[in-house]
There are 2 protein chains.
Amino acid sequence: MRISARTQYALGAMLALAVADRPVHAERIAVTQDIPRRFCDNILLQLRRAGLIRSQRGPDGGYWLARPPGEIALADVIRVTEGAEQALRPFSPAAAPLAAIWDRLRSHENALLSEITLADVIASNGHAHPGREAR
Amino acid sequence: MRISARTQYALGAMLALAVADRPVHAERIAVTQDIPRRFCDNILLQLRRAGLIRSQRGPDGGYWLARPPGEIALADVIRVTEGAEQALRPFSPAAAPLAAIWDRLRSHENALLSEITLADVIASNGHAHPGREAR
DNA sequence: ATTATTCCTACTTGTACAGTAGGAATGATA
DNA sequence: TATCATTCCTACTGTACAAGTAGGAATAAT
């Protein structure tokens, strides 16, 4: 369960947008989420290209979610920032059965992260067990 | 679910030792598991220092498991080669609930890998669903 | 003695992550 | 039309860690 700074920042930014009811400046996101200013730009750009957020330029511009928070899963965000995981080297015959185990782990992880949305995370802020209840 | 080459090699080596009934040379492990020769040495040394395998020097020396394959979990091996995972950076308040989710993922992963032993992996070689049955 | 092996430290190299630089494009406001 | 604040874009740099290598010392069998 490797989690890059980029991904963590991206999730923070998405959550910041999810709680806002109007466009938010990159500057504001950078400050509240404690993301280096230019790196924040960088990440927001990537999220926009992936279609997760939208933007408006110029003064009074900013960023907002492309879909409601309940329709954006954590996995959607992570897929963007982590990119394609590089294929691991082929298994030796003796280690071949490990492939099935890795698959199980990956699919469980994927299932959980696909199930939990930004809305779930926000709702869990202070309550018990996030993402356990249906949405 | 990041898996380094080192870890994959280590698991291959452990499985190779698990199926052998006598000490095995590093050379032989390197060849059968397709591990660069000196890197193989390197990894075996680490496994020995961690107490997972034992060794004997000189001609007719080699390596063997310190415990029976049914008593060595995949997690035991992985813990050695991956070392302590470095702490991730602190969460912003908005992203704080993610910590609980990461925890759930980590503990599930850990549970599964602690449950499956080398013996399980070997037994699953060709059969269905590895690690599903009790040991 | 010789030889085959493990053992040990330290080094080199490659790659991916984290973050930065410089400036162009856009849009609101006056 | 000028100004200014913002997003947008490519490319670059520094650093840390992973992957793998080098050279040789210690040990044990013959």
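So that the names make sense, note that chain A is the first sequence line, chain B the second, and so on, each numbered from 1. On a predicted model such as this, the values are computed, not experimentally measured, just so you know.
One can place CD of Q46(A) at 13 Å from P of dC9(D), the figure rounded to the nearest angstrom. Between the P atom of dC7(C) and the OH atom of Y63(B) lies a distance of 4 Å, rounded to the nearest Å. The distance from atom CH2 of W64(B) to atom P of dT5(C) is 15 Å, rounded to the nearest whole Å. One interatomic measurement links the two molecules: CZ of R28(A) to P of dT7(D), which rounds to 13 Å at whole-angstrom precision. When rounded to the nearest whole Å, the span between CD of Q8(A) and P of dG19(C) equals 11 Å. The separation between L17(A) atom CG and dT7(D) atom C1' is 14 Å, rounded to whole Å. Straight-line distance from the CD1 atom of I35(A) to the P atom of dA18(C): 12 Å, rounded to whole Å. Atom pair L45(A):CG and dT6(D):C1' shows a separation of 14 Å (rounding to whole Å applied).
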Worksheet entry | Check against side-chain contact (heavy atoms from CB on, under 4.5 Å), L11(B) and V121(B) | CA-CA 10 Å; L11(B) 289 168; V121(B) 175; over 6 Å; no

Worksheet item: Can you give one letter per nucleotide of nucleotides 11-19 of chain D, going 5' to 3': B for a protein heavy atom under 4.0 Å from the base, S for sugar-phosphate only, - for none?
Response: -------SS

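Candidate nucleotides dT7(D), dT21(D), dC7(C) were compared by shortest atom distance to the side chain of P36(B), and dT21(D) ranks first.
At a cut-off of 3.5 Å, with distance as the only test, a side-chain donor of S4(A) or E82(A) sits close to an acceptor on the other residue. Side-chain contact annotation: D120(B) with T117(B), donor-acceptor N/O pair under 3.5 Å present.
For the pair Q8(B) (side chain) and R89(A) (backbone), a donor-acceptor distance under 3.5 Å is present. A donor-acceptor pair under 3.5 Å is absent between the side-chain atoms of S114(B) and the main chain of A111(B), judged by distance alone.
For the side chain to side chain contact (heavy atoms under 4.5 Å, CB included) test, residues two or more places apart in sequence or in another chain that qualify with A99(A) are F91(A). Judged as a side chain to side chain donor-acceptor pair (under 3.5 Å), and not counting sequence neighbours, R48(A) has no contacts.
At least one side-chain nitrogen or oxygen of R37(A) sits closer than 4.0 Å to the OP1 or OP2 atom of dT7(D). Taking only side-chain nitrogens and oxygens, R38(B) never comes nearer than 4.0 Å to OP1 or OP2 of dT9(C).
Shortest non-hydrogen contact noted between T7(A) and I78(A) is CG2-CG1, 3.9 Å.
Summary of helix geometry: the two end axes of the helix from dA1(C)-dT30(D) to dA30(C)-dT1(D), each defined by five base pairs via their C1' atoms, are inclined to each other by 0° (rounded to 10°).
Residue-level contact check: R49(B) touches the backbone only, with heavy atoms under 4.0 Å from sugar-phosphate atoms and none from bases.
Donor-acceptor pairing under 3.5 Å, judged by distance alone, is present between the side chain of D41(B) and the base of dC7(C).
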Please output the side-chain donor-acceptor pairs of residues 28-43 of chain A that fall under 3.5 Å, not counting sequence neighbours, one pair per line with the distance.
from	atom 1	to	atom 2	distance (Å)
T32(A)	OG1	R28(A)	O	3.2
T32(A)	OG1	I29(A)	O	3.4
Q33(A)	OE1	S92(B)	OG	2.5
R37(A)	NE	E27(A)	OE1	2.8
R37(A)	NH1	D41(A)	OD1	2.7
N42(A)	OD1	R6(A)	NH2	2.8

Using a cutoff of under 3.5 Å, can you pull out all pairs of nitrogen or oxygen atoms linking the protein to nucleotides 25-30 of chain C, with atom names and distances?
from	atom 1	to	atom 2	distance (Å)
dA25(C)	O3'	R57(A)	NH2	3.4
dT26(C)	O4'	R57(A)	NE	3.2
dA28(C)	OP1	Q56(A)	NE2	3.0

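In summary, R22(A) and D60(A) do not engage in a salt bridge, as defined by a charged side-chain N under 4.0 Å from a carboxylate O.
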